[in-house]
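A quick write-up on the structure given underneath.
Heads up: numbering here begins at 1 and tracks the sequence. No hydrogens, no waters, no symmetry mates; every other heavy atom, side chains included, goes into these values.
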Amino acid sequence: MTSTTLTDQPGGRENGGGAVVAVPWTDRIRAAGLRVTKPRLAVLDAVERHQHATADEVLADVRTALPEITVQSIYVVLHSLTDAGLLRQLDLANSPARYETRVDDNHHHAVCTVCGRIEDVACAVGHAPCLTPSETHGMSIHVADVVYQGVCSDCSAQRAGATAAPV
C-alpha cells in the first residue's frame with residue numbers, strides 16, 4: 001500500500017525540468033499532519049482506484065487488504081482524510097456521500113439521473129468564480145459545488161432502443 005498519485009493527477013510536484021513527479025501517499029499524509037497508518041493508506045488506495053466511491057464501496061475494497069477493519073474505522077478514516085484535504089466528499093442529491101482523491105483543482109460533476117453515473121467535468125472558466133457569489137449573507141465561502149444533472153449516453157441509447165422496439 002504505497003500508492004502514489006498519478007503523474008497527471010493533482011498533488012504531483014514539478015521538478016526543475018517541468019515534468020510532474022508523483023508524490024507518494026505516505027508523504028502527502030505526513031504533509032497533512034497525520035500519522036501514516038495501514039487503514040489510511042488502504043482507504044486512499046481504494047478511493048484512488050474507485051473515484052466517487054461510497055463508504056460501503058471503500059469498505060468492501062479495503063477489506064480485501066485489511067479484512068478486520070470495521071465500518072466505524074472506515075468512516076473515521078474517510079472523515080480524517082477529508083478534513084486533512086486528501087479526499088473530497090461529494091454530497092449529491094439522493095445519494096450517500098461519495099469520495100474522490102481529486103482535490104486540488106476546481107472541477108465539477110455530471111450525474112446521470114437514470115443510472116447514477118458520475119463523471120468529472122472541468123471548470124469552463126478555469127478558476128472558481130462560483131466562490132465569489134453575488135451575496136454571501138455574512139458567510140466566508142470556502143466551497144461551491146456545481147452538479148450537472150442529465151441522462152448519460154448509455155441510458156439515452158437504452159431509452160431510444162426501448163421506444164423503437166416493436167410491440
Side-chain angles (χ1 to χ4, degrees), residues 3-12 20 22-23 25 28-29 32 39-40 42-64 69 71-167:
S3 179
T4 56
T5 56
L6 301 175
T7 54
D8 62 345
Q9 288 290 312
V20 175
V23 179
W25 281 127
R28 295 184 69 198
I29 292 169
R40 286 181 177 144
V43 166
L44 286 166
D45 284 343
V47 176
E48 186 173 48
R49 280 190 301 276
H50 310 286
Q51 294 293 313
H52 312 126
T54 64
D56 287 341
E57 293 166 342
V58 172
L59 174 64
D61 187 284
V62 169
R63 278 194 170 155
T64 63
I69 197 156
V71 173
Q72 182 63 33
S73 294
I74 290 295
Y75 279 101
V76 168
V77 171
L78 285 169
H79 289 288
S80 70
L81 294 173
T82 300
D83 290 345
L86 296 172
L87 292 179
R88 179 178 176 190
Q89 179 177 322
L90 306 175
D91 295 310
L92 304 172
N94 304 315
S95 173
R98 295 177 174 274
Y99 298 88
E100 65 182 347
T101 57
R102 188 173 169 186
V103 297
D104 294 333
D105 68 344
N106 182 45
H107 74 278
H108 309 300
H109 297 93
V111 180
C112 178
T113 57
V114 177
C115 69
R117 180 173 128 198
I118 303 168
E119 296 292 341
D120 290 337
V121 178
C123 180
V125 178
H127 59 284
C130 46
L131 292 179
T132 311
S134 59
E135 176 59 52
T136 65
H137 302 283
M139 295 181 203
S140 173
I141 306 300
H142 300 280
V143 175
D145 291 319
V146 175
V147 177
Y148 301 97
Q149 294 182 347
V151 179
C152 71
S153 57
D154 292 342
C155 291
S156 293
Q158 284 181 338
R159 283 183 172 180
T163 57
V167 181

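Of all the heavy atoms in R40 and L81, the pair that sits closest is O-CD1, 4.0 Å. Residue I74 comes nearest to A55 through the heavy atom pair CG2-O, 3.9 Å, listed as atom of the first residue, atom of the second, then distance. Here the closest non-hydrogen pair linking A42 and V62 is O-CG2, 3.6 Å. Heavy-atom minimum distance, R88 versus R102: CD-O, 4.1 Å.
The shortest distance between side-chain heavy atoms of L87 and L44 falls below 4.5 Å. Inter-residue side-chain proximity for V77 and V58 is flagged as unmet; no heavy-atom pair is nearer than 4.5 Å. Taking 4.5 Å as the limit, some side-chain heavy atom of V43 sits within range of a side-chain heavy atom of L78.
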Please tabulate, for the side chains in residues 112-119, all donor-acceptor contacts under 3.5 angstrom to protein atoms that are two or more places apart in sequence or on a different chain.
unit_1: T113; atom_1: OG1; unit_2: G150; atom_2: O; d: 3.2
unit_1: R117; atom_1: NE; unit_2: E119; atom_2: OE2; d: 3.0

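Remark: the backbone N or O of I69 is paired with a side-chain donor or acceptor of R63 at under 3.5 angstrom.
Note that CD of E100 and CD of Q89 are 11.0 Å apart. Values are rounded to the nearest 0.5 Å. Taking CG of D154 as the start and CZ of R159 as the end, the distance is 12.5 Å to the nearest 0.5 Å. Rounded to the nearest 0.5 Å, atoms NE2 (H52) and CG (L92) are 8.5 Å apart. Distance check: L90 CG to T54 OG1 gives 11.5 Å after rounding to the nearest 0.5 Å. One distance of note links CG of L59 with OH of Y75; it measures 8.5 Å at 0.5 Å rounding.
Within 6.0 Å of CG on D91 lie more than 12 heavy atoms contributed by other residues, nucleotides or ligands.
The ring-ring contact (aromatic ring centres under 6.0 Å, His included) test applied to H107 returns H109, not counting sequence neighbours.
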